[in-house]
Number of protein chains: 2
Amino acid sequence: MTCPLKTDPEQRPLLGLAEAGELAGLFEVLASATRVRLLHALMTMDDPCMSDLAAAVEMKAQAVSNQLRKLVDLGVLDTCRHGNHIHYRIVEPCVTNLLHQGLCINEDQVLRKVGYS
Amino acid sequence: MTCPLKTDPEQRPLLGLAEAGELAGLFEVLASATRVRLLHALMTMDDPCMSDLAAAVEMKAQAVSNQLRKLVDLGVLDTCRHGNHIHYRIVEPCVTNLLHQGLCINEDQVLRKVGYS
DNA sequence: CTTCTAATACACTGATTCATGTAATAGACA
DNA sequence: TGTCTATTACATGAATCAGTGTATTAGAAG
């Protein structure tokens with residue numbers, strides 16, 4: 001969890017559009033309450049399948065499937081079929097780390113505003 | 001930058017909608033290439049005003065002002081007027097930490113996909 | 001083969017976002 | 001005061017996103 005940057009962010013040249021876009025894309029994964037809850041559920045539960053996750057977040061199967069599909073496409077999740085059930089797991093440690101960091105921030109200070117709008 | 005969570009994320013109950021929303025709102029701040037570049041510029045430059053930032057990211061003043069306004073409303077930035085110029089600075093260390101973390105992730109591994117779409 | 005269930009694919013809709021253009025505000029300076 | 005500059009406010013339009021409903025696929029079980 002420690003993070004020694006080779007280059008001090010204060011000293012490197014300004015972020016280019018491409019690099020900033022990649023970074024923003026990474027954060028975008030966690031910029032949705034539904035995805036945050038799903039990813040947290042994936043960290044918490046033991047080898048859940050789609051319907052487990054849908055039940056956990058109390059949402060319709062299609063909505064959950066939509067989000068899981070996106071996360072798979074982005075390489076964040078991986079799937080594994082067992083009979084009729086498809087199980088998901090996180091394969092991108094970046095996302096876990098960032099979510100962990102976010103939970104940490106949220107733990108000891110209440111954010112001023114709830115939503116970003 | 002170290003982050004010892006009091007409660008292990010694997011053991012806490014599932015994130016509620018409100019808490020997940022707050023967390024997602026935090027990540028949303030960094031989920032835009034423009035905002036990432038602006039925040040990085042704010043970390044890099046010395047007491048920049050709006051037009052400095054607009055020049056740095058090569059965007060129109062209005063677009064930059066829109067984003068800065070949002071960041072101010074969210075409590076991420078603070079402003080200080082000096083004559084005709086309005087200067088901005090980051091007052092929310094969470095965001096700096098997260099951006100730092102993101103830069104770190106981006107440094108030693110190329111993300112698979114560029115955008116989230 | 002038939003039927004049932006789990007999950008996904010697809011089209012659709014309402015909401016949101018971002019940059020733009022125009023107009024208005026705030027201060028500097030003559 | 002009048003004017004210039006820097007910045008913001010507001011409305012507009014294109015693009016994107018999230019969730020819903022319907023239809024379809026993949027496998028299990030009779």
Side-chain angles (χ1 to χ4, degrees), chain A residues 17 20-21 23-39 41-42 45 47-74 76-89 113-117, chain B residues 17 20-21 23-39 41-42 45 47-74 76-89 113-117:
Chain A
L17 252 181
L23 207 41
L26 174 62
F27 285 113
E28 179 89 42
V29 170
L30 292 163
S32 140
T34 297
R35 285 192 292 276
V36 164
R37 293 177 79 207
L38 285 174
L39 289 165
L42 280 160
M45 300 165 72
D47 196 34
C49 66
M50 214 280 294
S51 37
D52 293 334
L53 291 167
V57 301
E58 293 175 303
M59 290 180 63
K60 308 212 168 188
Q62 303 99 301
V64 172
S65 180
N66 285 342
Q67 297 299 332
L68 294 178
R69 181 76 165 81
K70 283 187 185 174
L71 295 172
V72 170
D73 286 348
L74 288 168
V76 174
L77 301 183
D78 197 9
T79 63
C80 165
R81 179 155 215 153
H82 279 291
N84 252 349
H85 295 262
I86 301 184
H87 297 258
Y88 289 84
R89 71 174 204 280
K113 288 194 104 170
V114 174
Y116 169 80
S117 60
Chain B
L17 253 180
L23 207 41
L26 175 62
F27 286 113
E28 178 90 43
V29 170
L30 292 164
S32 141
T34 297
R35 283 191 294 274
V36 164
R37 293 177 77 208
L38 285 174
L39 288 165
L42 281 160
M45 300 165 72
D47 196 33
C49 67
M50 215 279 294
S51 38
D52 293 333
L53 292 166
V57 301
E58 292 176 303
M59 290 179 62
K60 308 213 169 186
Q62 303 98 304
V64 172
S65 181
N66 284 343
Q67 297 300 332
L68 294 178
R69 181 75 165 80
K70 283 186 185 175
L71 295 172
V72 170
D73 286 349
L74 288 166
V76 175
L77 301 183
D78 197 9
T79 65
C80 165
R81 180 154 214 154
H82 279 291
N84 254 348
H85 295 261
I86 300 184
H87 297 259
Y88 288 84
R89 70 174 206 279
K113 289 194 101 169
V114 174
Y116 169 79
S117 59

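- With the nearest nucleotide of DNA chain D identified for both Asn84(A) and Met50(B), Met50(B) has the one nearer the 5' end.
- The shortest distance between the side-chain N/O atoms of Ser51(B) and the OP1/OP2 oxygens of dT7(D) is below 4.0 Å.
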Item to complete: Step by step, work out the side chain to side chain contact (heavy atoms under 4.5 Å, CB included) result for Asn66(B) and Lys70(B).
Response: CA-CA 6 Å; Asn66(B) 284 343; Lys70(B) 283 186 185 175; 5.8 Å; no
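- In this model, the phosphate group of dC17(D) is not approached by any side-chain N or O of Lys70(A) to a distance below 4.0 Å at OP1 or OP2.
- With rounding to whole Å, Glu28(B) atom CD is found 11 Å from dC17(D) atom P.
- Picking from dA6(D), dA7(C), dC18(C) the nucleotide with the shortest atom distance to the side chain of His85(B) gives dA6(D).
- At dG19(D), one or more side-chain N or O atoms of Gln67(A) fall inside 4.0 Å of OP1 or OP2 (strictly under the cut-off).
- Of the candidates dA19(C), dT7(D), dA18(D), dA18(D) carries the atom nearest the Arg35(A) side chain, counting heavy atoms from C-beta on.
- Taking 4.0 angstrom as the limit, Ser65(B) places a side-chain polar atom (N or O) nearer than this to OP1 or OP2 of dT8(D).
- Taking the side chain as every heavy atom from C-beta outward, Ile86(B) and Leu68(B) never approach each other to under 4.5 Å.
- Considering CD of Gln67(B) and CG of Leu77(B), their distance stands at 10.5 Å, rounded to 0.5 Å.
- A side chain to side chain contact (heavy atoms under 4.5 Å, CB included) with Arg89(A) is found for exactly one of Thr79(A), Leu42(A), Asp78(A), namely Asp78(A).
- At whole-Å resolution of the value, CD1 in Ile86(B) and C1' in dT5(D) are 12 Å apart.
- Regarding Met59(A), its CE atom lies at a distance of 12 Å from the P atom of dG21(D), rounded to whole Å.
- Residue Lys60(A) contributes atom NZ, which lies 17 Å from atom C1' of dC10(C) at whole-angstrom precision.
- One interatomic measurement links the two molecules: CG of Leu68(B) to P of dA9(D), which rounds to 11 Å at whole-angstrom precision.
- The CG atom of Leu71(A) sits 11.0 Å away from the CZ atom of Arg69(A) when rounded to the nearest 0.5 Å.
- The shortest non-hydrogen separation linking Ala31(B) to Glu28(A) is O-OE1, 3.2 Å.
- Taking for each of Asp52(B) and Asn66(A) the nucleotide of DNA chain D with the nearest heavy atom, the 5'-most of the two is the partner of Asp52(B).
- Side-chain N/O atoms of Arg81(B) include none lying less than 4.0 angstrom from OP1 or OP2 on dA26(C).
- A rotation axis mapping the C1' atoms of four pairs onto the next four is fitted at both ends of the helix from dC1(C)-dG30(D) to dA30(C)-dT1(D) over five pairs, and the angle between these axes is 10° to 10 degrees.
- Within the 4.0 Å cut-off from OP1 or OP2 of dG19(D), at least one side-chain nitrogen or oxygen of Thr34(A) is found.
- A distance of 8.5 Å separates CE in Met59(B) from CG in Leu17(A), rounded to the nearest 0.5 Å.
- Going from atom CD of Gln62(A) over to atom C1' of dT13(C) covers 15 Å, rounded to whole Å.
- Distance, His82(A) NE2 to dG27(D) P: 14 Å, rounded to whole Å.
- For Leu71(A) and dA18(D), the CG to P distance is 10 Å, given to the nearest whole Å.
- Contact of the Leu38(B) side chain with the Val57(B) side chain is registered, since non-hydrogen atoms from C-beta on lie closer than 4.5 Å.
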